[in-house]
Amino acid sequence: QFFYNAMLKGYSETGAHENALQLYSLMRASSVTCDSYTFPVVLRSSSNVGNIEVGEEIHGLIMKGGFGSRVIVQTALIDMYCNCGISNYAQRIFDRISEKDVICWNTMIAGYVKCGEFESARDLFNQMPLRNVSSWNTIVDMYCKKGDVETASRLFNEMPERDVISWNAMISGYAKMGYCDEARRLFDMVPKRNVVSWNTVITCYVHNRRFHEALELFRMMQVSEVKPNEVTVVAVLPACAHLGALDMGQWIHAYIGKNQIKMDVYVNTTLIDMYGKCGSVQEARRVFDNAVEKDSFLWGTMIEVLAMHGKAEEAFEIFERMRRAKIKPN
RNA sequence: GUCGCUCCUGAU
């Protein structure tokens with residue numbers, strides 16, 4: 001009981017939401033009691049994964065246990081339903097909250113955005129009695145996601161205060177439109193950049209095939225205060241791949257190990273691709289073999305690398321292994 | 001063992 005909750009918390013904090021849900025169903029199956037410590041954590045996981053079955057079950061248990069009246073719980077439920085794409089359930093909960101605080105407003109607005117209901121999001125934002133910086137960030141980001149950077153930047157300029165997330169949202173808006181120079185201009189203006197600011201602009205350069213500028217920015221990052229993370233390397237490695245810069249790629253690979261950057265599926269996939277494009281099939285294969293988690297992208301990338309180098313038999317062998325592992329080909 | 005909102009990521 002104690003133990004289960006601790007485990008759940010651990011999974012949740014490291015982002016292993018799938019594992020948390022598995023553990024939860026094990027708890028239910030072995031009739032371990034779920035209590036007010038269990039619910040928030042499992043709710044968070046089902047929200048992240050978008051698992052409506054578990055979400056609704058938790059909702060029911062929370063109500064039965066009488067924990068359902070607190071704003072925090074209701075806010076978590078709103079978030080969960082919106083992540084599952086059911087904004088009207090969420091709205092029903094939202095409407096019934098008597099003491100609405102800023103966070104539950106923000107959650108509902110962000111929820112509408114996730115469901116693609118931009119009008120409702122904007123209406124609710126306009127109705128808000130009191131907005132904080134997150135409220136503004138959400139709505140700025142919404143316009144960026146719609147590709148309406150004009151409105152986004154108007155609101156960005158209007159907002160009473162900006163934090164690094166506001167800046168990042170705006171930079172990412174320009175980046176998505178392919179406006180690298182504009183993204184970079186804002187980036188240079190950010191008072192206190194974080195790792196996301198860097199990643200966004202590097203990604204923008206790479207997507208627009210401006211590989212040298214991407215690498216240049218990555219080099220600048222080395223001498224900045226900010227430490228690269230796994231998203232950073234996933235962003236830069238394709239630049240190495242396209243330039244055939246094997247030495248830089250290897251350097252980054254070593255860098256990952258030295259700086260204990262998480263070797264997740266994303267990182268491994270880009271490493272395999274990079275080695276493949278730079279002509280080093282063996283190293284690609286080594287990364288593949290060492291990868292703990294393998295999804296269809298990773299398998300597909302490995303197969304393609306082998307095929308690209310004319311290793312048809314080996315490619316086919318991997319393809320068979322993939323089928324045996326019951327991974328759907330892509 | 002107490003909790004809820006907003007920004008960046010992979011092969012064709």
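A, B, ... follow the sequence lines: proteins, then strands. Residue 1 opens every chain. Being a predicted model, the structure only gives us computed values, none of them experimental.
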Whole Å only: how far is the CD1 atom of A:I139 from the C1' atom of B:rC7?
15 Å
Counting the atoms with a prime plus P, OP1 and OP2 as sugar-phosphate, which does A:T138 contact under 4.0 Å by heavy atoms, base, sugar-phosphate, or nothing?
sugar-phosphate
Can the positive tip of A:R131 be found less than 6.0 Å from the middle of the six-membered ring of A:W136, inside 45° of the ring normal?
yes
Measuring from the side chain of A:Y37 (C-beta onward, heavy atoms only), which nucleotide among B:rA11, B:rG1, B:rG10 has the closest atom?
B:rG1
Do the rings of A:Y179 and A:Y174 sit parallel, tilted or perpendicular, given the 30° and 60° boundaries?
tilted
When you get a sec, tell me which of B:rG4, B:rC8, B:rA11 is the closest nucleotide to the side chain of A:F297?
B:rA11
When you get a sec, tell me which of B:rU6, B:rG1, B:rG4 is the closest nucleotide to the side chain of A:K114?
B:rU6
To the nearest angstrom, how far is A:N194 atom CG from B:rC7 atom P?
13 Å
Check A:D141 with A:K145, please: is the shortest side-chain N to carboxylate O separation under 4.0 Å?
yes
With sugar-phosphate meaning primed atoms plus P, OP1 and OP2, does A:A6 contact a base, only sugar-phosphate, or nothing at under 4.0 Å between heavy atoms?
nothing
Residue A:V265, side-chain heavy atoms: nucleotide from B:rG10, B:rC7, B:rG4 that is nearest
B:rG10
By the 4.0 Å heavy-atom rule, please label A:D101 as base, sugar-phosphate, or nothing.
base
Give one of base, sugar-phosphate or nothing for A:D35, where a contact means two heavy atoms less than 4.0 Å apart.
base
To the nearest Å, how far apart are A:I171 CD1 and B:rU6 P?
19 Å
Atom-to-atom span, CZ of A:F67 to P of B:rU2 - whole angstrom:
15 Å
Atom CD of residue position A:E320 - does it have more than 12 heavy atoms of other residues, nucleotides or ligands inside 6.0 Å?
yes
So what does A:N132 hit on the nucleic acid, given a heavy-atom distance under 4.0 Å: a base, only sugar-phosphate, or nothing?
nothing
Should the side chain of A:R44 and the base of B:rC3 be counted as holding a donor-acceptor pair, with the cut-off at 3.5 Å?
no
Over how many whole Å does the gap from A:E99 atom CD to B:rG4 atom P extend?
21 Å
Using a heavy-atom cut-off of under 4.0 Å over every strand shown, decide if A:S134 touches base, sugar-phosphate, or nothing.
base
Roughly, in whole Å, what's the span from CZ in A:F156 to P in B:rC7?
15 Å
Closest of B:rG4, B:rU12, B:rG1 to the A:E304 side chain is B:rU12
A:Q74 CD to B:rU2 P, in whole Å, measures 21 Å
Name the nucleic acid region contacted by A:K277, choosing base, sugar-phosphate or nothing; use a 4.0 angstrom heavy-atom cut-off, strictly under.
sugar-phosphate
Let's see if you can work this out: which of B:rG10, B:rU6, B:rC7 has an atom nearest to the side-chain heavy atoms of A:H207?
B:rG10
Using a heavy-atom cut-off of 4.0 Å across all strands, would you classify A:L298 as base, sugar-phosphate, or nothing?
base
SB check A:E158 A:R154 (cutoff 4.0 Å)
yes
Indicate, with a heavy-atom threshold strictly under 4.0 Å, whether A:F2 touches base, sugar-phosphate, or nothing.
base
Which part of the nucleic acid, if any, lies within contact of A:D141, taking any heavy atom under 4.0 Å across all strands shown: a base, the sugar-phosphate backbone alone, or nothing?
sugar-phosphate
Reckon A:T107 touches a base, only the sugar-phosphate, or nothing at all at heavy-atom distances under 4.0 Å?
sugar-phosphate
Base of B:rG10, side chain of A:T270 - is there a donor-acceptor contact under 3.5 Å?
no
Testing B:rC3, B:rG10, B:rC8 for proximity to the side chain of A:I72, the answer is B:rC3
May I have the distance from A:K192 (atom NZ) to B:rC7 (atom P), rounded to whole angstrom?
21 Å
Among the nucleotides B:rG1, B:rG10, B:rC5, whichever has the atom closest to the side chain of A:V234 is B:rG10
Look at the side chain of A:N106 and decide which nucleotide, out of B:rC5, B:rU12, B:rC7, has an atom nearest to it.
B:rC5
Step-by-step ring-ring contact (aromatic ring centres under 6.0 Å, His included) determination, A:W198 to A:F187:
CA-CA 8 Å; A:W198 289 89; A:F187 173 85; 5.0 Å; yes
Mind checking if A:V164 touches a base, just sugar-phosphate, or nothing, with heavy atoms under 4.0 Å?
nothing
When you measure from the side chain of A:Y266, which nucleotide among B:rG4, B:rU9, B:rC5 comes out closest?
B:rU9
Strictly below 4.0 Å, N to O, side chains only: are A:E314 and A:R285 in salt-bridge contact?
yes
